[in-house]
Amino acid sequence: MRVLVVEDEQLLADAVATGLRREAMAVDVVYDGAAALERIGVNDYDVVVLDRDLPLVHGDDVCRKVVELGMPTRVLMLTASGDVSDRVEGLELGADDYLPKPFAFSELIARVRALGRRTTVPLPPVLERAGIKLDPNRREVFRDGREVQLAPKEFAVLEVLMRSEGAVVSAEQLLEKAWDENTDPFTNVVRVTVMTLRRKLGEPPVIITVPGSGYRI
């Protein structure tokens with residue numbers, strides 16, 4: 001899942017991004033509305049965590065732009081105000097969910113994951129394919145009943161492949177979904193991560209390389 005965090009309080013923004021990355025999400029961070037519009041224009045995000053009171057371009061205008069573009073991106077709006085009228089106004093702008101500050105990080109994670117599920121074809125909570133069971137909420141993976149310990153990026157790559165339901169996923173798509181925008185597009189990090197993932201999942205191999213196209217399970 002790829003997430004954009006838009007928050008002008010930099011310490012909070014960076015803390016949220018760090019926490020989401022620990023949950024195997026690819027996260028970009030910006031600190032004002034103008035930068036948010038720029039990122040939304042060039043990257044595809046599953047969820048935008050959007051502070052309402054932003055400098056340069058207000059969060060309301062960023063939300064309106066997402067709606068105008070007809071993007072599948074879901075918006076979780078944050079605000080320091082917990083008034084019902086403010087929450088209603090934010091939802092009427094087109095936000096998909098609303099979370100007042102201060103918030104429990106566990107609730108933020110749950111809401112982001114719930115919104116992320118809305119951007120894709122509905123799938124069971126636990127993904128199963130080729131003897132693999134992957135639980136995105138518990139962050140658990142089993143291969144033929146054996147638990148497999150994965151690093152966050154390995155988990156993210158496996159989740160993308162599982163969600164594709166047998167379709168080929170290119171290295172570029174994996175890079176976009178599992179890494180943030182600061183990753184060098186010419187890096188071999190996808191190939192290395194897939195190799196490590198194959199080794200951890202064991203024999204027989206379940207991740208198939210499709211020459212010139214990508215990977216599939």
Side-chain angles (χ1 to χ4, degrees), residues 1-5 13-30 39 42-49 72-73 105 108-109 112-113 115-117 119-121 123-217:
M1 184 189 306
R2 189 163 187 180
V3 180
L4 177 64
V5 175
D14 293 343
V16 168
T18 298
L20 293 175
R21 288 174 183 136
R22 287 174 180 162
E23 296 295 318
M25 301 181 196
V27 185
D28 298 331
V29 185
V30 295
R39 295 298 193 283
V42 297
N43 297 321
D44 293 327
Y45 294 102
D46 298 297
V47 179
V48 175
V49 179
T73 303
F105 190 72
L108 174 69
I109 290 289
V112 169
R113 285 202 177 279
L115 290 176
R117 288 194 292 270
T119 65
T120 59
V121 176
L123 292 171
V126 176
L127 307 178
E128 298 187 40
R129 188 173 185 84
I132 298 173
K133 289 186 179 182
L134 183 147
D135 188 331
N137 295 319
R138 295 176 180 269
R139 292 199 58 231
E140 293 178 341
V141 175
F142 292 86
R143 169 77 191 272
D144 296 328
R146 173 182 63 89
E147 186 170 7
V148 182
Q149 298 293 331
L150 299 179
K153 291 303 180 189
E154 295 161 2
F155 187 95
V157 168
L158 182 60
E159 183 175 359
V160 174
L161 291 172
M162 294 284 283
R163 289 189 180 279
S164 71
E165 296 190 293
V168 175
V169 182
S170 69
E172 292 77 13
Q173 289 172 316
L174 287 172
L175 198 64
E176 179 178 306
K177 289 293 185 182
W179 280 269
D180 60 37
E181 64 182 1
N182 296 317
T183 304
D184 182 354
F186 300 104
T187 184
N188 67 347
V189 66
V190 171
R191 181 174 61 83
V192 171
T193 301
V194 170
M195 288 174 58
T196 304
L197 189 54
R198 278 197 184 113
R199 177 177 57 79
K200 289 187 176 182
L201 290 173
E203 298 291 337
V206 292
I207 301 178
I208 308 301
T209 299
V210 181
S213 298
Y215 308 92
R216 65 177 176 84
I217 295 179

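Just so you know, these numbers use all the heavy atoms, side chains as well, and skip hydrogens, waters and symmetry mates.
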Taking every non-hydrogen atom, the tightest pair across G116 and V47: N-CG2, 3.7 Å
Rounded distance [0.5 Å steps], CE in M195 versus CD1 in I207: 12.0 Å
Stepwise side chain to side chain contact (heavy atoms under 4.5 Å, CB included) test for V141 and E147: CA-CA 6 Å; V141 175; E147 186 170 7; over 6 Å; no
Pairwise distance CD1(I132) to CG(L201) - rounded to 0.5 angstrom: 4.5 Å
Side-chain touch P152/R22, heavy atoms, less than 4.5 angstrom: no
D46 and K177, any side-chain heavy atoms less than 4.5 Å apart: yes
Worked verdict on L4 versus V49 for side chain to side chain contact (heavy atoms under 4.5 Å, CB included): CA-CA 6 Å; L4 177 64; V49 179; over 6 Å; no
4.5 Å side-chain heavy-atom contact, L161 and Y215: yes
Spatial distance of atom CD1 (I217) from atom OG (S164) [nearest 0.5 Å]: 7.0 Å
R138 and V126: CA distance, side-chain angles, deciding distance, side chain to side chain contact (heavy atoms under 4.5 Å, CB included) verdict: CA-CA 9 Å; R138 295 176 180 269; V126 176; over 6 Å; no
Spacing of R216 atom CZ and M162 atom CE [to the nearest 0.5 Å]: 14.5 Å
K133 and L127, any side-chain heavy atoms less than 4.5 Å apart: no
Y45 side chain reached by V3 side chain, heavy atoms, under 4.5 Å: no
Worked verdict on T209 versus R198 for side chain to side chain donor-acceptor pair (under 3.5 Å): CA-CA 11 Å; T209 299; R198 278 197 184 113; 2.4 Å; yes
CA sep, side-chain torsions, deciding dist, call: V5, D28, side chain to side chain contact (heavy atoms under 4.5 Å, CB included): CA-CA 6 Å; V5 175; D28 298 331; over 6 Å; no
Which atom of A26 lies closest to which atom of A178, heavy atoms considered: CB-C, 3.4 Å
Least distance between heavy atoms, W179 atom then L174 atom: CE3-O, 3.5 Å
Minimum-distance pair of heavy atoms, taken over all atoms of A17 and V27: CB-CG1, 3.7 Å
Any V206 side-chain heavy atom under 4.5 Å of R143 side chain: yes
Spacing of CZ belonging to R2 relative to CG belonging to N43, to within rounding of 0.5 Å: 4.0 Å
Polar side chain donor-acceptor pair, T196 to R191, under 3.5 angstrom: no
Any donor-acceptor pair under 3.5 Å from R21 side chain to V16 backbone: no
Working for salt bridge (charged side-chain N to carboxylate O under 4.0 Å, His left out), residues E154 and K200: CA-CA 10 Å; E154 295 161 2; K200 289 187 176 182; 2.8 Å; yes
Within-4.5 Å side-chain heavy-atom neighbours: F142 and D135: no
Separation of F105 CZ from E23 CD (nearest 0.5 Å): 6.5 Å
Heavy-atom closest contact (I109 atom, G19 atom, distance): CD1-O, 4.3 Å
Test item: F155 and L134 side chains (from C-beta on) under 4.5 Å apart, heavy atoms: yes
